[in-house]
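For reference, the structure discussed in these notes is given below.
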Amino acid sequence: MSRKIDQILVIDVEATCWQGKPPPRQESEIIEIGVCLLDCHSHSVVKTESILVKPEHSTVSEFCTELTTLTQEQVDQGISFTEACERLQKRYLSHQRVWASYGEYDKNQFQKQCQSFGVEYPFDSRHINVKTWLALAHSLQKEVGMLKALFLLKLSLQGTHHRGVDDAANIARILSQLLWNQDRRFNRYLD
């Protein structure tokens with residue numbers, strides 16, 4: 001299996017959540033996988049997709065709907081977590097591409113849920129933590145949230161915050177800035 005470095009797969013997940021602890025016999029599970037393919041050469045977005053995932057061990061709370069805008073009725077129309085992981089591998093070659101997320105939450109949630117469901121982890125081991133890279137690249141005292149990162153880079157929020165597909169696209173814009181700045185520095189040494 002050859003590894004692909006022409007595009008970076010940017011992922012943002014939304015999961016069932018509650019204000020406080022989960023109700024008895026419920027656990028946080030992925031209900032949306034936001035996908036954004038970022039071209040490494042042009043630094044532009046190639047494709048975005050929202051993959052809705054039907055939860056098996058939890059329901060969408062009122063708090064979760066307020067946060068994500070996703071309702072139980074919407075996610076009930078989604079596909080299974082297993083099918084979502086298969087789609088990532090078939091449609092996006094996720095097991096062959098470098099992938100990125102903002103922080104470690106998305107990676108940890110996927111690892112936890114794959115283990116819990118007995119599903120093959122759909123990603124390559126090469127993961128970019130955009131949150132950490134941004135803090136290091138800009139000599140910040142600490143890592144900042146996605147909204148603050150957009151503000152620092154003079155980018156406006158596009159879409160709805162806490163919708164996976166919109167957050168993935170915004171994270172791709174942050175990553176694009178980081179790549180562009182890296183390219184400029186590198187090209188200066190070549191001149």
Does [X] reach the side chain of [Y], with side-chain heavy atoms less than 4.5 Å apart?
X	Y	answer
Glu14	Asp12	yes
Gln109	Gln113	yes
Ile11	Leu88	yes
Ile128	Val10	no
Arg126	Ile5	yes
Lys107	Tyr121	yes
Ile33	Ser50	no
Lys54	Asp76	yes

Given 3.5 Å as the limit, does a donor-acceptor pair link the side chain of [X] with the main chain of [Y], or not?
X	Y	result
Arg87	Tyr92	no
Gln26	Thr59	yes
Gln96	Leu93	no
Ser61	Cys17	yes
Glu32	Gly164	yes
Asp166	Thr160	yes
Asn170	Leu157	no

Grab the two heavy atoms, one from [X] and one from [Y], that are nearest each other, plus how far apart they are.
X	Y	value
Ile171	Val130	CG2-CG2, 4.1 Å
Asp124	Arg97	CB-O, 3.3 Å
Cys36	Thr48	SG-CG2, 3.8 Å
Ser58	Thr16	OG-OG1, 3.0 Å
Cys114	Glu120	SG-O, 3.9 Å
Ala137	Leu178	CB-CD2, 3.9 Å

[X] and [Y]: same hydrophobic cluster, using ILVMFWY side-chain contacts below 4.5 Å?
X	Y	result
Leu136	Leu152	no
Val60	Val53	no
Val35	Ile30	yes
Leu37	Val165	no
Leu38	Leu9	no

How long is the span from the [atom1] atom in [X] to the [atom2] atom in [Y], to the nearest 0.5 Å?
X	Y	atom1	atom2	answer
Ser176	Ile174	OG	CD1	10.5 Å
Cys85	Lys90	SG	NZ	12.0 Å
Arg3	Ser125	CZ	OG	4.5 Å

Next on the checklist: Between Gln89 and Ser94, do the side chains contain a donor N or O and an acceptor N or O under 3.5 Å apart?
Outcome noted: no
Notebook entry, point to check: Is it the case that Glu83 and Ser80 place a side-chain donor and acceptor less than 3.5 Å from each other?
Noted result: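 There is such a pair (donor and acceptor under 3.5 Å, judged by atom type) between the side chains of Glu83 and Ser80.
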* Asked: What class does the angle between the rings of Phe110 and Phe81 fall in, given that below 30° is parallel, 30 to 60° is tilted and above 60° is perpendicular?
  ->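 Plane angle between 30° and 60°, so tilted.
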Tell me whether the centres of the aromatic rings in His127 and Trp99 are closer together than 6.0 Å. yes
ask   = Taking the six-membered ring where the residue is Trp, are the ring centres of Trp18 and Phe63 under 6.0 Å apart?
value =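 No: the rings miss the under 6.0 Å criterion.
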Could you list the residues that satisfy side chain to side chain contact (heavy atoms under 4.5 Å, CB included) with His57, not counting sequence neighbours?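 For His57, the residues satisfying side chain to side chain contact (heavy atoms under 4.5 Å, CB included) (neighbours in sequence not counted) are Glu27, Glu29, Phe117.
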| message | Let's go through Asp167 and His161 carefully: what are the C-alpha distance in whole Å and the side-chain angles of both, what is the deciding distance for side chain to side chain donor-acceptor pair (under 3.5 Å) to 0.1 Å, and is it a yes or a no? | response | CA-CA 6 Å; Asp167 284 354; His161 189 34; 3.3 Å; yes
**OP:** Any chance you could lay out the side chain to side chain contact (heavy atoms under 4.5 Å, CB included) test for His162 and Leu70, step after step, and finish with the verdict?
**Re:** CA-CA 10 Å; His162 294 301; Leu70 293 167; over 6 Å; no
